[in-house]
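Quick caveat: nothing in here was measured; it's all calculated off a predicted structure.
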Amino acid sequence: MTMALTGKTAIVTGAVGGIGAAIVRTFLAQGAQVSMIDVDQARGHAFASQLAAEGHKVAFVDADVSSFEACQRAYERITAELGGADILVNNVGISPKTNGRALRVYEMPPAEWDKVVDVNLNSVFYMTHLATPHMVQQRAGRVINMSSVAGKAYCDIVAAHYAATKAGLLGLTRHWAAELGEFDITVNGLAPGRISTPLLKSVPQEINDAVTRVTSLGRLGTPEEVADACLFFASDQARFVTGQVLDVAGGWLMT
């Protein structure tokens, strides 16, 4: 038994960023074809062209997944090109900062709260709502939600909207695992810790150094390490694992 995904079709949201791009490449290396959704049109098309030139079968749609209508249009376009999804990775997520700092509840504009909830939580419902009818029909599927250790323990470098949405994904993962199990659809989640992505460049180095000091393995994680954990949940190796959320955090914020 291997973790090969030959013959499988995957959808990855937030596919252009550090973790998303690593998941895309990992899935492709294991034989999947991948449909990518991201709001960054220029980078998305460039990434898709690069992957196609390398001989991979990919599709890309630029979409703001905070809108159900945008998700629906994107889903229709990519499934018309590559077919229904066997695997859905709800990876997209944002964590706004102001001058490098997460705002406290009494400082946060309601519009910022709404945007984070729309992107981090509502989009997961939208995409899962759209992708699961095909999985139900074929009586097989994998849904993987990208939570965070910040959804499980207090983390002062993110704001309440991020923590709340990532905690919400824990509940959705457990509920959908029970709801969809009769169709042989597994639903699992990942809870990354501090991962070395381009996003961290906007954070003062002393913050990342402080996290490293209290991480058991003594370093930041890599996008590829998150992608490897995602591959496990997507593969037949995890065929009897559902409703679980796996920390990929090197021992940081262990609960």
Chemist: Mind running side-chain contact (heavy atoms from CB on, under 4.5 Å) on L5 and L231 for me, showing each step along the way?
Modeler: CA-CA 9 Å; L5 303 179; L231 173 62; 3.7 Å; yes
Chemist: Report yes or no: do Y162 and V92 belong to one cluster of Ile/Leu/Val/Met/Phe/Trp/Tyr joined by side chain heavy-atom distances under 4.5 Å?
Modeler: no
Chemist: Quick one, V119 and S66 - any side-chain contact, counting heavy atoms below 4.5 Å?
Modeler: yes
Chemist: Any non-hydrogen side-chain atom of V58 less than 4.5 Å from a side-chain atom of F47?
Modeler: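 No, every pair of side-chain atoms sits at 4.5 Å or beyond.
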Chemist: I'd like to know if V61 and V16 are part of one continuous hydrophobic network [Ile/Leu/Val/Met/Phe/Trp/Tyr, side-chain heavy atoms within less than 4.5 Å].
Modeler: no
Chemist: CZ of F60 to CG of D40: how many Å apart, nearest 0.5 Å?
Modeler: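 That separation rounds to 7.0 Å.
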Chemist: Are V12 and V65 connected into the same hydrophobic cluster when the rule is that any two of I, L, V, M, F, W, Y join if their side-chain heavy atoms are below 4.5 Å apart?
Modeler: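 No; V12 is not reachable from V65 via cluster members.
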Chemist: Using the rule that two of Ile, Leu, Val, Met, Phe, Trp, Tyr join whenever any of their side-chain heavy atoms come within less than 4.5 Å, decide whether V187 and M146 are in one cluster.
Modeler: no
Chemist: Hey, what do you get for NZ (K166) to NZ (K152), rounding to the nearest 0.5 Å?
Modeler: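 One gets 13.0 Å once the value is rounded to the nearest 0.5 Å.
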Chemist: Rounded at 0.5 Å granularity, tell me how far CD1 in I185 sits from CD1 in I87.
Modeler: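 These two atoms lie 12.5 Å from each other.
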Chemist: Using 4.0 Å as the upper bound for N to carboxylate O, is an ion pair formed by K8 and D236?
Modeler: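 The answer is no: the pair does not qualify as a salt bridge.
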Chemist: Using only atom types and a distance under 3.5 Å, with no angle test, would you say the side chain of N120 pairs donor to acceptor with the backbone of I94?
Modeler: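 Answer holds: yes.
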Chemist: Just so I know, are the side chains of L169 and L172 near enough to count as touching, which here means a heavy-atom distance under 4.5 Å?
Modeler: yes
Chemist: Do N188 side-chain atoms and V241 backbone N/O form a donor-acceptor pair below 3.5 Å?
Modeler: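 Checked: pair present.
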Chemist: Nearest 0.5 Å, what's the CD-CG distance between E206 and N208?
Modeler: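 Atom-to-atom, E206:CD and N208:CG are 9.0 Å apart.
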Chemist: At their closest point, which heavy atom of A63 faces which heavy atom of A70, and how far apart are they?
Modeler: CB-O, 4.1 Å
Chemist: What residues form a side chain to side chain donor-acceptor pair (under 3.5 Å) with D209, not counting sequence neighbours?
Modeler: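 D209: side chain to side chain donor-acceptor pair (under 3.5 Å) contacts with Q205.
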Chemist: Could you measure the distance from the NE2 atom of H129 to the CD atom of Q72? Nearest 0.5 Å is fine.
Modeler: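 Going from NE2 on H129 over to CD on Q72, the span is 7.0 Å.
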Chemist: Is any side-chain heavy atom of C230 closer than 4.5 Å to a side-chain heavy atom of T26?
Modeler: no
Chemist: Checking D38 side chain against G44 main chain: does a donor-acceptor pair fall under 3.5 Å?
Modeler: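 Looks like no, no N/O pair under 3.5 Å.
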Chemist: With no hydrogens and no angle check, is any side-chain donor or acceptor of E54 less than 3.5 Å from a backbone partner on H56?
Modeler: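 Side chain of E54 to backbone of H56: no pair is present.
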Chemist: Determine, stepwise, if the pair R142 / R239 fulfils side-chain contact (heavy atoms from CB on, under 4.5 Å).
Modeler: CA-CA 9 Å; R142 302 281 188 268; R239 62 195 179 278; 3.7 Å; yes
Chemist: May I ask you to decide if N90's main-chain N or O and N145's side chain share a donor-acceptor pair within less than 3.5 Å?
Modeler: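 No; zero donor-acceptor contacts below 3.5 Å.
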Chemist: Considering all heavy atoms of both residues, which atom of L82 and which atom of Q33 are nearest to each other, and what is their separation?
Modeler: O-NE2, 3.0 Å
Chemist: Above 12 or not: heavy atoms from other molecules or residues under 6.0 Å from CD of E179?
Modeler: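 Enclosed: over 12 neighbouring heavy atoms sit under 6.0 Å from CD of E179.
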Chemist: Quick one: do I11 and L121 end up in the same hydrophobic cluster if we chain Ile, Leu, Val, Met, Phe, Trp and Tyr together by side-chain heavy atoms under 4.5 Å apart?
Modeler: yes
Chemist: Is the side chain of E107 donor-acceptor paired with the backbone N or O of R104 at a distance under 3.5 Å, no angle test?
Modeler: yes
Chemist: For L88 and A131, work out which heavy atoms get closest and say how close.
Modeler: CD2-CB, 4.0 Å
Chemist: Can you list the steps and then say if R25 with L51 is a side-chain contact (heavy atoms from CB on, under 4.5 Å)?
Modeler: CA-CA 8 Å; R25 283 198 170 278; L51 294 172; 3.6 Å; yes
Chemist: Is there a side-chain contact between V143 and M135, using heavy atoms and a 4.5 Å cut-off?
Modeler: yes
Chemist: Using only atom types and a distance under 3.5 Å, with no angle test, would you say the side chain of E225 pairs donor to acceptor with the backbone of P223?
Modeler: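 Side chain of E225 to backbone of P223: no pair is present.
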Chemist: When you measure from the side chain of N91 to the backbone N and O of T13, does any donor-acceptor pair fall under 3.5 Å?
Modeler: yes
Chemist: Rounded to the nearest 0.5 Å, how far does CD1 of I144 lie from CD1 of I23?
Modeler: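 Reported value, rounded in 0.5 Å steps: 7.5 Å.
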Chemist: Is there a side-chain contact between F233 and L246 (heavy atoms, below 4.5 Å)?
Modeler: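 Answer yes - side chains close enough.
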Chemist: Restricting to non-hydrogen atoms, name the atom on V158 and the atom on S95 that form the minimum distance, rounded to 0.1 Å.
Modeler: CG1-OG, 4.0 Å
Chemist: Carefully, step by step, assess V149 and C155 under the rule side-chain contact (heavy atoms from CB on, under 4.5 Å).
Modeler: CA-CA 8 Å; V149 291; C155 177; over 6 Å; no
